[in-house]
Visitor: 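Sharing a structure, written as structure tokens. Questions coming.
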Amino acid sequence: MGRRPTGRARGGRAGSGQKGGFKEAFQAEVVAEIEALVGPGAVDGLDFEAIETAARRRALALAARAVAQRFNADHSDHRGPTVSCRCGRPARYAGRRAKTFQSALGELTLERAYYHCEACEAGFCPRDRALGVQGSSLSPAVTRMVGRVGAMVSFVEGSTLMQELAAVPVDPKQVERTAEALGREIAADERRLVEPEPPAAPTMYLGMDGTGVPMRASELAGHAGKQPDGSAKTREVKLCTVWTAEGRDDEGIPVRDPGSVSYSAAIESAASRDTDQAPSAFAQRADREARRRGFDQAERRAVLGDGAPWIWNLADEQFPGAIQIVDLFHAKQHLSDVAKAIYGPGGALGPPWAKQRHDELDEGQLDAVLQALRVHAEANDEARKCLDYVTRNQLRMRYPEFRAQGLCVSSGVVEAGCKVAIGTRLKRAGMRWTVSGADAIIALRCCQLSGRFEDFWERRSAAAGTGAR
Ligand SMILES: [Zn+2]
């Protein structure tokens with residue numbers, strides 16, 4: 001990464017005389033180890049996998065030893081008899097302390113200068129701060145790997161992958177703790193830092209949606225839900241997603257541009273009351289994401305969502321002037337659900353009824369949709385609710401008009417976003433979350449899916465180098 005040249009020069013001076021010698025000796029040692037493994041003669045009959053696995057193990061062990069020697073020979077982290085503690089008082093040097101870190105090379109035992117503060121009754125190693133391993137027994141490279149697997153798969157699977165792919169043992173609990181700690185750092189970084197980009201296209205789209213995530217019972221006290229007794233099993237994650245759709249399919253319909261989607265989500269409120277000074281937490285999130293992506297600067301802006309009132313209230317407040325569109329995918333799904341409610345889940349009359357309504361939506365015949373719903377509204381609760389929904393959202397369902405303007409009216413981007421960003425990681429069988437754990441993993445995952453993990457990691461490494469963390 002090329003940072004901290006001063007540190008490198010300082011460390012380099014002491015060993016520069018032996019550097020060439022060390023390098024050659026290390027290379028020779030690795031070659032000798034591998035020769036010893038493979039043995040003399042032809043290689044064709046050998047077990048390739050056994051050799052590569054053993055060679056990796058030995059090469060890494062040699063490298064770990066060399067790195068530990070190099071680090072432990074450098075005592076420049078001894079900065080005199082006292083250094084300033086965070087409390088402001090002096091902390092006294094209390095010798096060098098060894099700690100074993102799990103690194104990408106295997107275990108590394110590092111001895112670092114240790115300072116103890118009497119007032120705090122605690123000690124610290126300045127080098128741990130400088131190396132970015134404070135409070136952790138995982139090296140930066142292993143922490144990064146855990147961040148990757150923790151965002152993608154369960155903590156147990158992540159632990160297995162770490163062992164299988166990187167030959168690094170990290171138990172599931174530690175994968176969980178590390179991934180969540182990283183996710184919390186990312187969440188704080190996301191709130192703090194907005195680097196606005198120019199809009200990637202003349203028309204920018206912003207979608208909002210909510211999805212329930214299963215919670216531990218202790219996290220649900222006082223939250224009303226959909227269970228028969230009025231209790232809840234889930235909390236709602238709210239997701240904001242931004243994308244462009246300049247591409248066209250064979251029929252000329254706008255489709256989402258690959259790689260253009262970004263995500264930001266959390267379990268937070270979107271409700272703001274008239275008495276509130278600041279917008280709701282989720283409104284602020286949507287605003288940050290909009291600025292980050294240049295949505296707010298785009299020539300033409302469209303907000304997509306299902307019919308939920310909070311989405312349109314938020315759109316009115318945060319993005320006045322943006323075109324509001326009920327995601328066609330959601331609208332059709334709604335009508336399909338009504339068909340099932342009227343004719344029964346397996347009823348033969350349901351699908352043709354739904355198909356007819358879908359066609360009417362596509363053709364902009366909202367009066368026909370409303371009329372068909374009215375017929376059933378008195379006898380059927382779902383039909384009545386859907387009648388309200390279409391009535392309320394008529395202006396947001398002018399699909400032929402939107403299409404004529406070259407606007408993307410669906411594609412299920414928002415729906416897919418909930419599945420991709422939230423569902424596939426957080427809604428798997430048996431998973432029960434705490435709000436803080438879910439929010440951390442959601443932040444970690446959204447950061448990676450939005451292609452922002454590298455930038456975050458660079459900021460994090462730079463902050464470690466300056467001791468800012
Ligand atoms: Zn102190």
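Both ligands and their constituent atoms are indexed starting at 1 by order of listing.
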Visitor: Less than 3.5 Å apart, which donor and acceptor atoms pair up between the side chains of residues 31-38 and the rest of the protein, not counting sequence neighbours?
Guide:
unit_1 : atom_1 : unit_2 : atom_2 : d
E33    : OE1    : R58    : NH1    : 3.2

Visitor: Using the side chain to side chain donor-acceptor pair (under 3.5 Å) criterion, which residues pair with T160? Sequence neighbours excluded.
Guide: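 Side chain to side chain donor-acceptor pair (under 3.5 Å) list for T160, sorted by chain: empty.
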Visitor: Would you kindly say whether D171 and S159 are connected by a side-chain donor-acceptor distance under 3.5 Å?
Guide: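 No, no side-chain donor-acceptor pair sits under 3.5 Å.
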Visitor: Considering only NZ, NE, NH1 and NH2 on the basic side and carboxylate oxygens on the acidic side, decide whether R285 and E268 come within less than 4.0 Å.
Guide: yes
Visitor: Do R460 and E185 have side chains that get closer than 4.5 Å, going by heavy atoms?
Guide: yes
Visitor: Within less than 2.8 Å of the Zn ion (ligand 1), how many protein N/O/S atoms are there?
Guide: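 Those protein atoms number 4 in total.
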Visitor: Taking ring-ring contact (aromatic ring centres under 6.0 Å, His included) as the cut-off, I'd like each qualifying pair that reaches into residues 131-186, sequence neighbours left out, listed once.
Guide: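 Of all non-adjacent pairs touching residues 131-186, none passes ring-ring contact (aromatic ring centres under 6.0 Å, His included).
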